[in-house]
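First up is the structure itself, then whatever we jot down about it.
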Amino acid sequence: MAESPRRRAVLEVLRAAPAPLGVTETAERLGVHPNTVRFHLDALVAEALVERRAEASTGPGRPRTVYTVRPGMDRGGARGYLLLARMLLSRWTSADPAEAREQAMETGREWGRFLVDPLPPFERATAERSVARLLALLADLGFEPEPAAGVAPESAPGAGRESASDPGPGTADENTPERIRLRHCPFLELAEEHGELICPLHLGLIQGALDRLDAPLTATRLEPFAEPDSCYAHLSAAGSAPRDTGKGTHR
């Protein structure tokens, strides 16, 4: 995206020129060696910011190669996605809190169902396989997840289990974590400002992914900033505990 000052300068020279420029002309306007300009022009072409073409020949010899800025808005400029997110969230923050939480959670569920990589056909959705897919999704999204080791998921009192080597479709085996630790929040600034919306969104994302996988477990609650550097998503065997509807999922 033309991040280096020199590359940005090359782009600006091409943008200001009334006609396409060759390497030598561009180098003269910048007062640098043609090889330096050629390097940056090649990079700008690779980034689809500049077009390279051969100029129609008016005599003997090879046609001259010239460069021009691709038409359209400059894609190397600043972005304001955080501001955009704040603007969109402001609509929810002005609504009824309970309704806004539920809408945020349902939005998360829909996106969780959409984003998770489903299991292959005819492969049973065990708890271990489902958690593996969930961890992969959360890692791709930047949450840096890690399972809490050595503990089994919450389950209803008296709930039976099959052997750990062959868990039934509605049970969780001993390798399934009770919690997933989220060591990074890809929406940290927004979560700090609007945790009452972002945390239910995250919880819904996890619930939706597990639902799409037809997993024998679900996420019951999200514990934000349980440690200074981590949040925790709590898992439970499906149907063994009521799911959090969004209350208490923020600071």
Side-chain angles (χ1 to χ4, degrees), residues 81-83 85-86 88-89 92-93 97-98 100-117 125-156 164 172-213 215-238 240-251:
Y81 295 126
L82 182 59
L83 174 60
R86 285 172 173 151
L88 295 175
L89 281 172
W92 266 343
T93 58
R101 281 195 301 269
E102 182 53 39
Q103 289 180 359
M105 186 169 290
E106 186 56 37
T107 298
R109 291 186 189 117
E110 291 295 331
W111 276 97
R113 296 182 188 106
F114 172 73
L115 291 172
V116 72
D117 187 13
T126 64
E128 187 173 0
R129 289 168 180 161
S130 300
V131 169
R133 290 297 170 109
L134 176 62
L135 291 174
L137 170 63
L138 294 174
D140 287 344
L141 295 177
F143 284 96
E144 296 186 15
E146 59 182 27
V151 283
E154 304 165 357
S155 57
D173 62 53
E174 63 184 10
N175 296 321
T176 308
E178 178 185 33
R179 302 176 301 170
I180 294 177
R181 182 186 182 195
L182 306 173
R183 295 181 293 114
H184 176 71
C185 178
F187 312 119
L188 181 59
E189 293 81 6
L190 295 174
E192 290 173 337
E193 295 176 21
H194 301 291
E196 74 280 3
L197 296 174
I198 299 302
C199 295
L201 185 78
H202 289 169
L203 178 60
L205 182 81
I206 296 171
Q207 290 177 347
L210 292 171
D211 179 64
R212 174 68 177 84
L213 294 167
L217 72 165
T218 188
T220 55
R221 63 190 176 97
L222 183 70
E223 192 178 358
F225 306 104
E227 298 174 1
D229 61 348
S230 301
C231 301
Y232 282 92
H234 291 254
L235 304 180
S236 172
S240 68
R243 295 201 307 190
D244 195 323
T245 59
K247 297 179 181 180
T249 57
H250 60 281
R251 282 175 122 171

Step-by-step side-chain contact (heavy atoms from CB on, under 4.5 Å) determination, Phe225 to Glu192 | CA-CA 10 Å; Phe225 306 104; Glu192 290 173 337; 4.3 Å; yes
Residues two or more places apart in sequence or in another chain: which of them pass side chain to side chain donor-acceptor pair (under 3.5 Å) with Ser230?
-> Arg181
Candidate list Asp229, Leu141, Leu138, test side chain to side chain contact (heavy atoms under 4.5 Å, CB included), partner Leu182, passing option = Leu138
Is the shortest side-chain N to carboxylate O distance from Glu193 to Arg86 below 4.0 Å?
-> yes
Close side-chain approach of Leu134 to Val116, heavy-atom, < 4.5 Å | no
If you measure only the distance, is there a donor-acceptor pair under 3.5 Å linking the side chains of Glu223 and His234?
-> yes
Could you tell me which non-hydrogen atom of His194 sits nearest to which non-hydrogen atom of Leu89, and how far apart they are?
-> CD2-CD1, 3.9 Å
Quick one: are His202 and Ile206 in side-chain contact, heavy atoms under 4.5 Å?
-> no
NZ/NE/NH1/NH2 to OD/OE distance under 4.0 Å, Glu106 and Arg113 = yes
Non-hydrogen atoms of Ser130 and Leu213 that approach each other most closely = O-CD1, 3.7 Å
Leu210 and Leu235: which non-hydrogen atoms are nearest, and at how many Å?
-> CD1-CD2, 4.3 Å
Is there side-chain contact between Leu135 and Phe143, with at least one heavy-atom pair below 4.5 Å?
-> no
Between Arg221, Glu178, Glu227, which is the residue that forms a side chain to side chain contact (heavy atoms under 4.5 Å, CB included) with Tyr232?
-> Glu227
For Thr220 and Ser236 the tightest heavy-atom approach is CG2-CB, 3.3 Å
Might you point out which heavy atoms bring Ala104 and Leu201 nearest each other, and give the distance in Å?
-> O-CD1, 3.2 Å
Residues 183-191 side chain polar contacts: donor-acceptor under 3.5 Å, at least two apart:
residue	atom	partner	partner atom	Å
Arg183	NE	Glu144	O	3.4
Arg183	NE	Glu146	OE1	3.1
Arg183	NH1	Glu144	OE1	3.4

Under the salt bridge (Lys or Arg N to Asp or Glu O under 4.0 Å) rule, what do Glu110 and Arg212 come out as? Steps first, then yes or no, please.
-> CA-CA 9 Å; Glu110 291 295 331; Arg212 174 68 177 84; over 6 Å; no
When every non-hydrogen atom of Ala125 is compared with those of Pro216, the smallest separation belongs to O-CD, 3.0 Å
Roughly how far, to the nearest 0.5 Å, is CZ of Phe114 from CG of Leu205?
-> 12.0 Å
Mind running side-chain contact (heavy atoms from CB on, under 4.5 Å) on Leu197 and Thr93 for me, showing each step along the way?
-> CA-CA 8 Å; Leu197 296 174; Thr93 58; 3.6 Å; yes
